[in-house]
There are 2 protein chains.
Amino acid sequence: MDKRAATRARIVAAADRLFYEQGFEHTSFTAIAEAVGISRGNFYYHFRTKDDILAAVIEARAAETRAMLEQWAAEAPSPQERIRRFVRIVVANGDDIQRFGCPVGTLTAELAKLRHPSRPDAVAVFTLFRTWLGKQFTELDPTADADALALHVLAGSQGIAMLSNAFGDEAFVRREVARLDAWLDSQVTANR
Amino acid sequence: MDKRAATRARIVAAADRLFYEQGFEHTSFTAIAEAVGISRGNFYYHFRTKDDILAAVIEARAAETRAMLEQWAAEAPSPQERIRRFVRIVVANGDDIQRFGCPVGTLTAELAKLRHPSRPDAVAVFTLFRTWLGKQFTELDPTADADALALHVLAGSQGIAMLSNAFGDEAFVRREVARLDAWLDSQVTANR
DNA sequence: GTCTATAGACCGATAGAC
DNA sequence: GTCTATCGGTCTATAGAC
């Protein structure tokens, strides 16, 4: 990787984190430049506008998500176990979610209010999870409405993330994850 | 109501709507003043700072919520029917939620990222629903963990609102509301 | 004449953009 | 490093109701 690409990657990583922690609009150029440790002037060598950075951040998140889903698919033996991996995100990233919510959910919600042109790209990250989950449910039961089940799981984890952020109640998160797990079990049993 | 209070109320109503549609930070003084039809200068006669407006908006939302919950409690005969009223919000306000998400959820999420001092007050609106729902579940079954059940319903509707906003899929909303209704039925049946 | 409500000029700071 | 627009925030003059 040449120096240009390396700096670009550092900018994207810093912006990603700041957009998550502070929101897209609230994060200024200056804040990103400071986090990376470069001057604002240097900045424009890599990105012309703030929207360009946002696009790069969303692209990076999408790539990261694809890699993660592929890894889960490779590691976990059964569809049920794979779906369980997804459900576990809200526990594994519990601390971040409690403080800043779900990165996918909060970004799409913000971009919706801003009527931002990149909003569909942010939604596409949601869609990655949606179709991946749908695939697992189809494997579990080819006759099921896999997309509906996928959205149910997605909605469940979004609700948990939202209230975790609002109330900071870890017991609630564990309880609701267990509930989702149990629901998943019941789906598998029903298919036997 | 004197003229001062009337103008103040109009400002709060306009700010409420704009904060909902565009987010708190994105909404400028100029935008609110334009929406109300007054000059920016006049503004400071009624509110000194933007945070003061936010505080007034949150207070208004809390009062509105309390009134709504009281009305539901008065109108609906059974606890189950009352809880059902709550679940129906995502359908009744389906259009707004699809475009701007849940007003309570999106505001608390934004204020969390901004580390805004009024965030606890925004969360308190969530708590109004939480305790009201808990009360209904206690009436349904005094031995149940009413708060856990309340949070489950709250999380369910938050998840629906989030994905409704992301995907704009009305069939999904109806499906998930039906699912929550069925779950509620099962809770009632289990108690018999 | 006094008070209430209003308008609009104006401030420093900071935003994104170049 | 500079430029311009706009941000939240402040001050003062004044029009009209009483």
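In what follows, chains are A, B, ... by sequence order, proteins preceding strands, each numbered from 1. Values below: all heavy atoms of this structure, side chains included; hydrogens, waters and symmetry mates excluded.
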Of all nucleotides in DNA chain C with an atom under 4.0 Å from a non-hydrogen atom of chain A, which is the first and which the last going 5' to 3'? C:dA15 to C:dC18
Within 6.0 angstrom of B:Tyr44 OH, more than 12 heavy atoms from elsewhere: yes
May I ask you to check whether over 12 heavy atoms, not counting those of B:Glu21, lie within 6.0 Å of atom CD? yes
Heavy atom of [range] under 4.0 Å from DNA chain C: which residues?
range: residues 27-35 of chain B; result: none
range: residues 13-25 of chain B; result: none
range: residues 107-119 of chain A; result: none

If only atom types and distance count, is the side chain of [X] paired as donor or acceptor with the main-chain N or O of [Y] below 3.5 Å?
X: B:Thr127; Y: B:Arg130; answer: no
X: A:Thr27; Y: A:Leu18; answer: yes
X: A:Lys50; Y: A:Ser28; answer: no
X: A:Arg175; Y: B:His152; answer: no

Salt-bridge present (A:Arg8, A:Asp2; N to O < 4.0 Å): no
Going by an N to O cut-off under 4.0 Å, is there a salt bridge joining A:Arg88 and A:Asp181? yes
What orientation do [X] and [Y] show, parallel under 30°, tilted 30 to 60°, or perpendicular over 60°?
X: B:Phe29; Y: B:Phe43; answer: perpendicular
X: B:Phe167; Y: A:Phe126; answer: tilted
X: B:Phe19; Y: B:Phe24; answer: perpendicular

Strictly by side chain to side chain donor-acceptor pair (under 3.5 Å), give each pair with a member in residues 89-100 of chain B just once, sequence neighbours left out. B:Arg17-B:Asp96
Show me the pairs that pass side chain to side chain donor-acceptor pair (under 3.5 Å) and involve residues 66-79 of chain A, at least two apart or across chains. A:Gln71-A:Glu75, A:Glu75-A:Arg85
At 4.0 Å (heavy atoms only), tell me whether A:Ser39 reaches a base, stays on the sugar-phosphate, or touches nothing. nothing
So A:Arg40, base contact, sugar-phosphate only, or nothing? Heavy-atom distance under 4.0 Å. base
Between B:Lys50 (NZ) and D:dT6 (P), how many Å, whole number? 15 Å
Between C1' of D:dG8 and CG of B:Leu54, the distance in whole Å: 14 Å
